[in-house]
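Take a look at the structure below.
In what follows, chains carry the letters A, B, and so on, assigned in the order in which the sequence lines appear, proteins first and then strands, with residues in each chain numbered from 1.
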Protein chains: 2
Amino acid sequence: MATVKVETDVVIERLMEVFRSVGYDGASMAQLADATGLQKASLYHRFPGGKQEMAMAVLDQVSEWNQRQLVDVLYSSAPPKTRLITALRSISQLYDGGRLACILRALSHGTAADLFRQPIAAIFTKWVDAFAHLAQDLGFDQQTSRHLGGSTLVRIQGSLILAQTLNQPTLFEQALHDIETDFLIN
Amino acid sequence: MATVKVETDVVIERLMEVFRSVGYDGASMAQLADATGLQKASLYHRFPGGKQEMAMAVLDQVSEWNQRQLVDVLYSSAPPKTRLITALRSISQLYDGGRLACILRALSHGTAADLFRQPIAAIFTKWVDAFAHLAQDLGFDQQTSRHLGGSTLVRIQGSLILAQTLNQPTLFEQALHDIETDFLIN
DNA sequence: GTCTATAGCTAGATAGAC
DNA sequence: GTCTATCTAGCTATAGAC
């Protein structure tokens with residue numbers, strides 16, 4: 001039982017890598033099978049809903065990461081500045097310093113747009129709210145805090161696009177630094 | 001001759017709409033034919049290179065828009081603040097106030113990523129440089145100007161993602177306002 | 001230059017042996 | 001639970017009449 005569970009987590013990790021690099025429509029079952037080391041029929045055994053269920057499993061894992069590495073951290077009782085630094089460091093690792101695309105963005109296009117908009121929006125909202133909460137703890141008023149929360153995700157998503165298209169990961173790190181400045185300005 | 005040219009421009013416009021909404025891999029020849037009102041074979045007559053050539057034609061049109069509505073404006077001899085306002089207004093119209101996705105982003109995923117990264121990067125670079133030039137005219141030093149230029153595109157791309165995923169076009173308009181503030185702070 | 005018809009292939013998804 | 005083998009639908013792309 002335990003062994004099976006672990007293996008499935010690994011499978012989901014591999015699926016995520018494929019979806020992230022080629023998108024939902026660009027990922028074929030053959031490619032997904034190849035990446036996981038399973039045959040197509042075996043993938044269908046684990047995910048009877050096919051590609052859609054696989055992507056949903058990936059999104060569940062992303063949602064868990066978001067909860068543990070961002071939400072839990074940013075709502076914790078540690079000093080606000082410590083929470084900020086910790087969260088930004090996790091984000092930097094998640095995207096490998098700007099070299100990896102965001103899986104949520106990869107699952108936001110084409111056929112996937114209609115299928116996964118709601119779960120992705122839920123993750124985005126939690127993310128924004130968590131950073132807005134931190135801003136309030138840092139003394140910003142409610143309106144400014146909301147604005148800062150949104151601006152954080154805007155900067156990260158936007159900088160990831162530029163970093164990868166222009167092949168300049170530095171742009172992502174710069175954005176993280178800009179975010180830090182936004183929060184610690186006073 | 002003239003009639004044909006115009007019609008092709010219209011065809012490209014329709015192709016762009018499809019690519020924008022479903023992405024490159026998500027767009028089938030049947031769908032593209034349907035959207036343009038032509039049959040598949042007719043599309044291949046105009047674009048012998050198939051889907052790839054169609055997307056390139058779209059990118060050429062985007063590049064032209066970029067040159068005329070942003071680069072030419074931002075390098076003009078009008079007062080810097082006027083140039084900024086004019087450019088931001090064009091951008092707002094281009095994305096219909098945050099309701100439309102960026103075609104460049106739609107052509108950055110899956111199979112398309114490898115095919116079109118260079119032309120897209122060229123457009124991004126021109127965009128960033130043009131806003132950096134404006135920043136210098138507004139009195140910012142070179143390093144700050146470059147940073148502002150990049151930050152402009154970051155804010156727009158990022159806010160478009162959030163605006164569409166969360167179905168809150170306001171986030172895009174907010175980002176435009178933030179950009180204006182960034183440039184007119186002194 | 002546009003059409004109908006179709007070739008050739010690969011996609012997602014299943015059947016059934018083991 | 002994993003495999004090989006296969007189905008059908010849809011894909012890109014082309015042939016050839018008009």
Side-chain angles (χ1 to χ4, degrees), chain A residues 1-59 103 106-116, chain B residues 1-59 106-107 109-116:
Chain A
M1 270 308 204
T3 333
V4 173
K5 186 77 187 292
V6 170
E7 278 179 5
T8 292
D9 277 4
V10 171
V11 166
I12 293 177
E13 199 72 35
R14 305 268 173 84
L15 294 174
M16 177 155 52
E17 286 168 24
V18 177
F19 284 133
R20 169 156 41 200
S21 66
V22 303
Y24 185 75
D25 291 316
S28 70
M29 288 301 302
Q31 193 174 358
L32 293 167
D34 201 47
T36 56
L38 292 172
Q39 295 298 325
K40 288 189 284 180
S42 302
L43 274 179
Y44 275 101
H45 178 79
R46 299 203 187 198
F47 307 96
K51 212 158 78 161
Q52 182 172 350
E53 188 174 337
M54 297 179 210
M56 275 301 299
V58 167
L59 284 178
I103 177 68
L107 293 177
S108 292
H109 287 281
T111 314
D114 299 320
L115 297 175
F116 310 119
Chain B
M1 270 305 202
T3 333
V4 172
K5 187 76 187 294
V6 171
E7 279 179 4
T8 292
D9 278 3
V10 172
V11 166
I12 292 176
E13 199 71 38
R14 304 268 173 85
L15 294 175
M16 176 154 56
E17 286 168 23
V18 176
F19 285 132
R20 183 182 356 229
S21 68
V22 302
Y24 185 75
D25 291 316
S28 71
M29 289 301 303
Q31 194 174 357
L32 293 166
D34 201 47
T36 56
L38 291 172
Q39 294 299 324
K40 288 188 283 179
S42 302
L43 274 179
Y44 275 102
H45 178 80
R46 300 203 185 200
F47 306 97
K51 211 161 78 163
Q52 182 172 350
E53 189 174 338
M54 297 180 209
M56 275 302 299
V58 166
L59 284 178
L107 292 177
H109 286 281
T111 313
D114 300 320
L115 298 175
F116 310 119

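- The CZ-P distance, from B:F47 to D:dT14, rounds to 16 Å in whole Å.
- For B:E7, taking side-chain heavy atoms from C-beta onward, the closest of the listed nucleotides C:dT2, C:dA11, D:dT2 is C:dT2.
- Separating the OH atom of A:Y44 from the C1' atom of D:dC7 is a distance of 13 Å, rounded to the nearest angstrom.
- D:dG1 atom C1' lies 5 Å from atom NE2 of A:H45, rounded to whole Å.
- Nearest-nucleotide positions on DNA chain C for A:A41 and A:D25 put A:D25 closer to the 5' end.
- When each of A:L38 and B:Y24 is assigned the nucleotide of DNA chain D with its nearest heavy atom, A:L38 is the one assigned upstream, toward the 5' end.
- Taking the six-membered ring for Trp and thresholds of 30 and 60 degrees, B:F116 and B:Y24 have ring planes more than 60 degrees apart, a perpendicular arrangement.
- When heavy atoms are screened at a 4.0 angstrom cut-off, B:A27 is found touching the sugar-phosphate backbone but no base atom.
- Side-chain N/O atoms of B:K51 include one lying less than 4.0 angstrom from OP1 or OP2 on D:dT12.
- Here D:dT2 presents its C1' atom at 17 Å from CG of A:L32, a figure rounded to the nearest Å.
- We find that CD of B:Q31 is positioned 9 Å from P of D:dC11, with the value rounded to whole Å.
- Contact annotation for B:S42: base contact, defined as any heavy-atom pair under 4.0 Å involving a base atom.
- Protein atom CD of B:Q39 is 17 Å distant from nucleotide atom P of D:dA13, rounded to whole Å.
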